[in-house]
Amino acid sequence: MKTYKIFTLVSTLSVGLWLTACNSQLDIKPVNSVATSQALSTAADLNALLVGAYDGLGGVNLYGGSFIRDAELLATVPSTGDVLWTGTFVAPQQIYVKRILVNNDQADATWTNAYRTINICNTVLANLNLALAADKDRIEGEAKFIRGSLYFELVRLYGKTWGDGDNNTNPGVPIVTTPTVVLDASSNVPRSSVAAVYTQALQDLTDAAAKLPVSNGFFATQGASNAQLSRVYLQKADYPNAAKAADAVISSKAYQLVPLANVFDTRQSQNGANTAETIFAIQNTDQDGINDLNTFYGSSDVGGRGDIELTDTFLSQFSAADGRAGLIYTDAVDAIRTVKFINQYGNIQVFRLAEMYLTRAEANFRAGTSVGAAPLADINLIRTRAGAAPLTAAQLTLANILRERRLELAFEGTYIHDLKRTKASVGTLAYNDPKLIFPVPLREVTTNPTLVQNTGY
């Protein structure tokens with residue numbers, strides 16, 4: 001496993017350290033590591049490093065793009081599915097056609113950037129003594145939210161889905177919870193089991209939910225942690241806890257559904273903005289951050305490449321009255337596109353309130369419970385907001401609940417994971433086909449002999 005030296009993440013400190021490390025311009029001694037005590041010495045340093053973790057989390061290879069984009073490409077059936085890949089980039093093309101090579105540079109970049117960001121979080125957590133007393137819990141909660149979220153995403157991409165065989169023996173991803181500053185033999189960490197990675201993610205996110213405030217600007221909150229917890233529990237079919245976590249977000253009253261026309265930032269070339277429905281989003285402006293979903297879903301006239309188009313197969317799933325069909329448009333060359341990423345500088349919504357109602361509905365339906373509200377009420381709340389006719393009690397089936405989830409959350413990063421947890425096939429591929437799992441990057445396996453490659457690679 002590759003890890004990165006923390007001093008590269010605090011550039012101003014790094015420059016200062018370099019300038020004071022020699023007595024003259026001719027007395028420059030190269031270094032390949034900087035002690036944490038040198039790079040971090042104040043509360044301000046710690047806060048700056050935490051901002052670096054958010055920057056990593058929102059990068060184009062994580063929630064700023066690939067986590068969300070690849071969940072759709074991996075889940076769709078080429079040519080006949082909901083989306084059509086028309087781009088020339090090799091890595092996403094391999095993901096789309098389910099012929100991923102061990103040297104796929106997207107699988108490499110996602111792994112590398114996730115562990116780089118985890119290492120920042122580990123460094124923050126190892127230096128909490130620098131935090132001001134009033135900020136310590138918040139900083140710990142934010143770092144654990146980011147770390148727990150990344151371990152969850154990594155194990156879903158690079159490991160077998162929960163319940164496919166023995167979770168305690170299936171290889172997940174390496175768990176590292178202490179900072180890595182210098183690469184040596186101790187850096188060769190083996191893959192932990194799928195069960196162990198889920199346990200780590202749940203522990204981090206539970207701790208985060210207990211320590212984070214309800215309101216925290218656009219940074220992680222108690223609601224964001226509970227939203228991620230609801231995803232983890234839903235993925236492992238722990239329906240009572242999934243309903244409980246989703247209900248915690250809803251009952252907090254910190255978020256409200258907004259009119260359908262206002263859910264997504266459909267302005268063009270405007271700095272991103274959150275809404276009352278946004279639980280957590282990647283922040284973008286024309287000065288900082290990249291909305292990589294706009295890059296791939298947006299046509300050239302809105303700043304994108306237009307590599308991903310929607311198909312008539314997807315459009316046909318909406319009823320005539322469903323306003324969510326209006327979140328789709330045809331561009332100048334008659335390609336079908338989604339407005340969800342039409343703003344080049346728009347924020348990328350990672351969690352929004354509508355998902356919590358859908359999760360609570362499904363979890364309650366499966367468990368036979370009514371935590372917070374009955375499943376029918378939650379489903380119809382979302383359908384009514386969209387202008388679709390409410391379901392009757394007789395129409396409340398698991399298939400219709402899952403269909404509602406697909407229509408509401410399309411292209412938002414849930415698709416392949418929903419298919420896997422419900423054991424649905426992707427064309428002729430079964431939910432647990434090795435082709436639906438990323439390879440451990442070739443570079444990682446080559447440099448770390450303790451890593452075991454996934455089946456089929």
Side-chain angles (χ1 to χ4, degrees), residues 49-71 109-125 138-159 162 172-177 192 194 196-212 216 218-236 238 241-242 245-246 248-249 278-283 292 347-352 355-356 359 409 412-414 416-418 421 438:
L49 191 60
L50 182 59
V51 171
Y54 279 105
D55 188 58
L57 187 71
V60 297
N61 295 303
L62 303 178
Y63 280 128
S66 297
F67 274 163
I68 297 173
R69 181 200 68 188
D70 293 345
T110 295
W111 176 289
T112 300
N113 282 272
Y115 275 106
R116 177 189 293 133
T117 305
I118 287 170
N119 196 43
I120 304 173
C121 293
N122 289 340
T123 305
V124 169
L125 293 169
R138 174 188 58 79
I139 291 173
E140 180 180 353
E142 290 182 48
K144 285 187 174 180
F145 165 77
I146 295 171
R147 186 174 72 179
S149 294
L150 289 175
Y151 274 126
F152 176 51
E153 298 294 354
L154 285 170
V155 76
R156 293 200 294 179
L157 281 173
Y158 297 89
W162 184 272
V173 295
I175 297 175
V176 182
T177 57
S192 296
V194 167
V197 181
Y198 269 81
T199 297
Q200 180 66 50
L202 286 171
Q203 184 62 62
D204 277 346
L205 293 167
T206 301
D207 288 351
K211 293 180 180 296
L212 285 172
N216 193 22
F218 50 70
F219 296 105
T221 59
Q222 184 181 92
S225 296
N226 281 323
Q228 190 71 282
L229 279 168
S230 75
R231 284 188 180 178
V232 179
Y233 286 126
L234 192 65
Q235 198 72 36
K236 63 182 299 203
D238 184 346
N241 276 319
V249 179
T278 304
I279 300 170
F280 182 75
I282 301 305
Q283 308 298 304
D292 212 38
N347 294 344
I348 297 173
Q349 298 199 46
V350 178
F351 306 111
R352 57 187 181 91
E355 180 185 347
M356 298 300 102
T359 295
L409 303 177
E412 295 181 50
T414 65
I416 188 60
H417 310 301
D418 284 344
R421 69 180 178 81
F438 278 11

Inset, instruction - Mind listing the closest non-hydrogen atom pair of V176 and I118 along with its distance? - result: O-CG2, 3.9 Å
Legend entry - Side-chain donor/acceptor of Q235 to backbone N/O of W162, under 3.5 Å: no
Legend entry - Sole candidate of R138, Q222, E142 that passes side chain to side chain donor-acceptor pair (under 3.5 Å) when paired with N216: E142
Legend entry - For S230 against A246, the heavy-atom pair lying closest together: CB-N, 3.8 Å
Legend entry - Given L205, L125, V124, T206, the one that forms side chain to side chain contact (heavy atoms under 4.5 Å, CB included) with K144: L125
Inset, instruction - Could you tell me which residues satisfy ring pair (Phe, Tyr, Trp, His ring centres under 6.0 Å) with Y63, sequence neighbours excluded, listed by chain and number? - result: F67
Inset, instruction - For the residue pair Q283 and Y54, confirm or rule out a side-chain donor-acceptor distance under 3.5 Å. - result: no
Inset, instruction - Check step by step if side chain to side chain contact (heavy atoms under 4.5 Å, CB included) holds for L212 and F219. - result: CA-CA 10 Å; L212 285 172; F219 296 105; over 6 Å; no
Inset, instruction - Please answer whether the main-chain N or O of A53 pairs with a side-chain N or O of T117 as donor and acceptor at a distance below 3.5 Å. - result: no
Inset, instruction - Working to the nearest 0.5 Å, report the span between OG of S149 and CZ of R231. - result: 9.0 Å
Inset, instruction - Output all residues satisfying salt bridge (charged side-chain N to carboxylate O under 4.0 Å, His left out) with D204, sequence neighbours left out; order by chain, then residue number. - result: R147
Inset, instruction - Indicate the ring-plane relationship of F280 and F351, choosing parallel, tilted or perpendicular according to the 30° and 60° boundaries. - result: tilted
Inset, instruction - To the nearest 0.5 angstrom, please state how far the CD1 atom of I139 sits from the NZ atom of K211. - result: 12.0 Å
Legend entry - Rounded distance (nearest 0.5 Å) linking atom CD1 of I348 with atom CG of D292: 7.5 Å
Legend entry - Cationic N near anionic O, under 4.0 Å, R352 to E355: no
Inset, instruction - Please report the C-alpha distance between Y233 and T359 in whole Å, then the side-chain angles of each, then the deciding distance to 0.1 Å, and finally whether the side chain to side chain contact (heavy atoms under 4.5 Å, CB included) criterion is met. - result: CA-CA 10 Å; Y233 286 126; T359 295; over 6 Å; no
Inset, instruction - Mind checking ring pair (Phe, Tyr, Trp, His ring centres under 6.0 Å) for Y158 and listing every partner two or more places apart, or none if nothing turns up? - result: W111, F438
Inset, instruction - For residues V197 and Y151, report the shortest heavy-atom separation together with the two atoms involved. - result: CG1-O, 3.5 Å
Legend entry - Y198 side, atom OH; K236 side, atom NZ - distance, nearest 0.5 Å: 8.5 Å
Legend entry - Separation of L62 CG from N113 CG (nearest 0.5 Å): 5.5 Å
